[in-house]
Amino acid sequence: MQGRDPKRKIFLIATEESGDRLGSALMKVLRQRLGDGVQFEGVGGRTMAREGLKSLFPIEELSIVGFAAVVQQLPKILRLIRKTADAVTEAAPDALVIIDSPDFTHRVARRVRARNPAIPIVDYVSPSVWAWRPGRARAMLGYVDHVLGLLPFEPEEYRKLRGPPCSYVGHPLIEQLSSLRPNAEEQKRRDGEPPVLLVLPGSRRSEIRHHLDVFGSALGRLQAEGRAFELMLPTMPHLESTVREGVASWPVKPRIVVGEAERRAAFRIARAALAKSGTVTLELALSGIPMVTAYRVGAIEAFILRRAIRVSSVILANLVIGRDVIPEFLQENCTPEMLAQALEEVLTDSPLRRQQVEAFARLDAIMSTGNKSPSVLAADIVLATMRKGRQVG
């Protein structure tokens with residue numbers, strides 16, 4: 001960039017904590033590249049604010065969980081979508097970067113593209129087009145110029161689905177391996193007796209309530225069958241009261257650890273885990289922890305998902321590995337009996353445990369981004385897309 005160039009304006013939109021962290025890391029690299037020649041505007045949380053972003057509105061306004069709550073808050077959500085799209089159009093940035101939260105960010109992007117087709121739009125974190133609603137990939141051609149994928153198989157999926165260009169930039173977890181894997185002392189505890197068993201019922205209150213009863217019954221059954229273990233349940237401060245209330249009736253009481261540092265410390269000594277399916281399965285796999293996964297939702301949501309899902313597994317780690325090595329117990333199969341039996345296997349030197357350990361050992365190679373971090377690769381593509389611009393007309 002020439003010293004006389006005007007400031008480059010980049011508008012970023014992140015409405016969840018995970019997206020806020022991605023946005024913050026991206027902003028840091030972009031500022032390293034452009035120095036004082038970049039100006040940020042947009043929507044973000046605390047970590048993006050530390051990088052100099054003044055958010056258009058607090059992202060907590062979009063912390064809405066559950067279908068009924070979404071319906072009730074719909075006028076507010078639509079107002080914020082309009083407000084954000086208006087702000088982007090008025091700013092006329094050199095690039096718009098939308099980060100995850102597709103139900104919000106893609107609606108903004110479509111409005112912006114309709115009003116000013118010259119603004120390049122980069123989508124950081126692909127929607128799950130490979131799991132359900134594959135038609136979204138083709139539709140995104142109309143309002144996204146480049147997708148930054150967190151998972152190594154995503155570029156090929158976009159090619160097959162005829163979506164916009166997609167590049168694998170790497171998952172943020174690959175930059176956090178040292179905090180997930182044990183040192184020599186922690187490895188001794190991981191291998192020691194009784195084994196540490198993690199229980200991870202979800203990251204939202206609704207998920208926790210759906211899973212706590214069946215998880216507690218499964219763990220009680222496992223203990224009643226003579227299996228010894230030390231039970232740990234990591235959670236975050238805003239969920240602690242929900243968790244403590246939910247486990248009060250469990251026949252085997254977990255040690256509840258609160259906060260991200262304590263959570264990672266528990267991962268480093270754990271022998272096995274019982275987890276609700278989601279991103280945590282990839283975190284556990286990168287930590288080298290064999291697991292049993294489960295997922296329960298309401299009847300209406302289950303009916304919709306059964307007809308929508310187009311992959312053989314809903315377990316993220318299975319999809320990245322390319323084989324269904326982690327057992328998943330969904331809906332009516334999510335029973336105390338089935339969970340307890342599978343947990344017995346991953347706690348002992350069984351074929352199931354060995355299969356998982358061997359598969360997890362390949363993840364570093366599968367998810368490698370070479371010698372560049374995800375945020376650096378993402379910044380490279382944002383800058384290239386920005387410089388290239390969009391030819392309109």
Measure the spacing between [atom1] of [X] and [atom2] of [Y] and express it to the nearest 0.5 Å.
| X | Y | atom1 | atom2 | result |
| --- | --- | --- | --- | --- |
| Leu26 | Tyr124 | CG | OH | 6.5 Å |
| Ile366 | Ile174 | CD1 | CD1 | 12.5 Å |
| Leu200 | Leu233 | CG | CG | 7.0 Å |

Minimum heavy-atom distance [X]-[Y], with the two atoms named:
| X | Y | result |
| --- | --- | --- |
| Pro164 | Val147 | CG-CG2, 3.8 Å |
| Leu80 | Phe104 | O-CZ, 3.8 Å |
| Ala266 | Pro234 | CB-CG, 4.3 Å |
| Val325 | Asn318 | N-OD1, 3.1 Å |
| Ile119 | Ala92 | CD1-CA, 4.2 Å |
| Ser217 | Pro336 | CB-CG, 3.5 Å |

Test applied, side-chain contact (heavy atoms from CB on, under 4.5 Å); reference residue, [X]; option that passes from [options]:
| X | options | result |
| --- | --- | --- |
| Leu316 | Ile321, Val280, Thr281 | Thr281 |
| Lys276 | Arg204, His210, His211 | His211 |
| Leu148 | Val125, Ile99, Val122 | Val122 |

[atom1] of [X]: more than 12 outside heavy atoms within 6.0 angstrom?
| X | atom1 | answer |
| --- | --- | --- |
| Glu185 | CD | no |
| Lys188 | NZ | no |
| Asn183 | CG | yes |
| Lys9 | NZ | yes |
| Glu51 | CD | yes |

Is [Y] paired with [X] through a side-chain N to carboxylate O contact shorter than 4.0 Å?
| X | Y | result |
| --- | --- | --- |
| Arg354 | Glu358 | no |
| Asp380 | Arg33 | yes |
| Glu245 | Arg209 | no |
| Arg115 | Glu90 | no |
| Glu186 | Arg190 | no |

So does [Y] get a backbone contact from the side chain of [X], meaning a donor-acceptor N/O pair under 3.5 Å?
| X | Y | answer |
| --- | --- | --- |
| Glu154 | Leu151 | yes |
| Arg268 | Ser179 | yes |
| Trp250 | Leu212 | yes |

Does Ser24 reach the side chain of Arg50, with side-chain heavy atoms less than 4.5 Å apart?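 Side chain of Ser24 against side chain of Arg50, heavy atoms only: no contact under 4.5 Å found.
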List the steps and the verdict of side chain to side chain donor-acceptor pair (under 3.5 Å) for Asp20 and Thr47. CA-CA 6 Å; Asp20 179 48; Thr47 56; 2.6 Å; yes
Using a side-chain heavy atom cutoff under 4.5 Å and only I, L, V, M, F, W and Y, what cluster partners does Val29 have?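 Members besides Val29, by chain and number: Val376.
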side-chain hydrogen bond (donor to acceptor under 3.5 Å, both in side chains): pairs with one or both residues in residues 219-232, sequence neighbours excluded: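 Those involving residues 219-232 are Arg189-Glu230, Arg221-Glu337, Arg227-Glu344, Glu230-Arg255.
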Any side-chain donor-acceptor pair under 3.5 Å between Ser373 and Ser375?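 Present: a donor and an acceptor within the cut-off.
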